[in-house]
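Chain letters run A, B, ... following the sequence lines, proteins first, then strands; residues in each count from 1.
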Protein chains: 2
Amino acid sequence: MYRIGELASQCDIKADTLRFYEKHGLLAPSSRSGSGYRLYTKDDASRLRFILRAKAVGFTLNEISELLSIELDKANWACADVKGMVDNKLEQVTAKIAELTQFANSLQSLSNACCGGPDSAEHCSILEALESEDKQLSAKNETSHKGHHHAVK
Amino acid sequence: MYRIGELASQCDIKADTLRFYEKHGLLAPSSRSGSGYRLYTKDDASRLRFILRAKAVGFTLNEISELLSIELDKANWACADVKGMVDNKLEQVTAKIAELTQFANSLQSLSNACCGGPDSAEHCSILEALESEDKQLSAKNETSHKGHHHAVK
DNA sequence: CTTGACCTTAGATTAAACTCCAAGGTTTAT
DNA sequence: ATAAACCTTGGAGTTTAATCTAAGGTCAAG
Ligand SMILES: [Zn+2]
Ligand SMILES: [Zn+2]
Ligand SMILES: [Zn+2]
Ligand SMILES: [Zn+2]
């Protein structure tokens, strides 16, 4: 039996987090001491580790709730259900990566176009690009003479 | 002069969003009609487009506020400042991509290990992997016989 | 028997970017 | 004149995952 602080430090999380998980139905201690302290069993600890592993692969707490309810009633679920959740998540993650990659490419183009020097930003290519649609930066702009209108040191 | 709904539909956002931007100091209409309607000028519209372009490359609204204050006082800022913000953001975005790529890899491994069939999840490799540390899935697991303990159709 | 570390609760706060609502005033067209 | 479409305000709700606060009980050591 672990008290909340013990289990928390064992798993490198805060006691607050454990109370939060309890409030949201992810993990309740199996019992309480006479004075009301939460007491977690080894099974509770395993369940927590399941939660943390699922978090580590990107599932949200809501999704982990679903996963836990499957876990407790495996016989009534199919591999297809479980794999479906994983594939679904993978799709979301992949979509987010695509969006961020777009951002990264645009940012890289902006960065490439700017000299980054100490001179006034009055003709900064980054600002100009944000000001008007037409002044787009291409991703292959790396060898440009930095697009600036002032001399490069 | 555009009314809020006009400008919003022109830029493919909602009037609510414009009010939100105003409340957060990003964009205020230059004037109001006698009856209190917001009236936006062409300059206001340009500023909005600046905001939307900055959003499209991944900046948060707070960062866009900074960018806007530089934009309005270019002479007192250097290219280095602007490029610094861009490079900083690029670093953040890159870090997030790395994290998500980790997630994607783990999820792919989990997915690869599961047959995804209609049989009971009692021996589902995904669940087993989440249950215990040791049963890790490798990313190169694709050619495995799906790790399941039940027959594949 | 007191100090310090630990525990309890309910509820507020954080960040991000909207989105929606109610209750009412204005414009425009028919 | 009346309906439809638009506008106003303040404030609440959404999502995610905690984190923090206040006010107080419990426990082991010295
Ligand atoms: Zn420059
Ligand atoms: Zn520049
Ligand atoms: Zn299977
Ligand atoms: Zn399976």
*Give the nucleotide from the list D:dC7, C:dT26, C:dC18 with an atom nearest to the side chain of B:R3.*
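Selected nucleotide: D:dC7.
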
*asked:* Checking contacts here: which listed nucleotide (D:dC7, C:dG11, C:dC18) is nearest the side-chain heavy atoms of B:F20?
replied: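 Between D:dC7, C:dG11, C:dC18, the one nearest the side chain of B:F20 would be C:dC18.
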
From [atom1] of [X] over to [atom2] of [N], roughly how many Å is that when rounded to an integer?
{"X": "A:K55", "N": "D:dA17", "atom1": "NZ", "atom2": "C1'", "value": "7 Å"}
{"X": "A:Q92", "N": "D:dT15", "atom1": "CD", "atom2": "P", "value": "14 Å"}
{"X": "A:K14", "N": "C:dT8", "atom1": "NZ", "atom2": "C1'", "value": "18 Å"}
{"X": "A:R19", "N": "D:dT19", "atom1": "CZ", "atom2": "C1'", "value": "11 Å"}
{"X": "A:F59", "N": "D:dT16", "atom1": "CZ", "atom2": "P", "value": "14 Å"}
{"X": "B:E63", "N": "C:dA15", "atom1": "CD", "atom2": "P", "value": "14 Å"}
{"X": "B:L18", "N": "C:dA17", "atom1": "CG", "atom2": "P", "value": "16 Å"}
{"X": "A:E22", "N": "D:dA18", "atom1": "CD", "atom2": "C1'", "value": "15 Å"}

Within the 4.5 Å heavy-atom criterion, are [X] and [Y] side-chain neighbours or not?
{"X": "A:R38", "Y": "A:R32", "result": "yes"}
{"X": "B:R19", "Y": "B:D16", "result": "yes"}
{"X": "A:M85", "Y": "A:I70", "result": "yes"}

Counting only side-chain N and O atoms of [X], is one of them less than 4.0 Å from OP1 or OP2 of [N]?
{"X": "A:S35", "N": "D:dC27", "value": "yes"}
{"X": "B:K23", "N": "C:dT19", "value": "no"}
{"X": "A:Y37", "N": "D:dG25", "value": "no"}
{"X": "A:Y21", "N": "D:dA18", "value": "yes"}
{"X": "A:T17", "N": "D:dT19", "value": "yes"}
{"X": "B:R38", "N": "D:dC7", "value": "no"}
{"X": "A:N62", "N": "D:dT16", "value": "yes"}

*Check the pair A:E66, A:N62 against side-chain hydrogen bond (donor to acceptor under 3.5 Å, both in side chains), reporting the backbone distance first and the verdict last.*
CA-CA 7 Å; A:E66 272 190 78; A:N62 276 345; over 6 Å; no

*Select from A:R32 and B:S33 the residue whose nearest nucleotide in DNA chain C is closer to the 5' end of that strand.*
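Nearest nucleotide further toward 5': that of A:R32.
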
*How far apart are the C-alpha atoms of B:L127 and B:E122, what are their side-chain angles, what is the distance that settles it, and do they pass the side-chain contact (heavy atoms from CB on, under 4.5 Å) test?*
CA-CA 8 Å; B:L127 262 15; B:E122 275 167 305; over 6 Å; no

_Residue met sooner reading DNA chain D from 5', once A:D16 and B:G5 are mapped to nucleotides_ =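 On the 5' side of the pair lies B:G5.
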
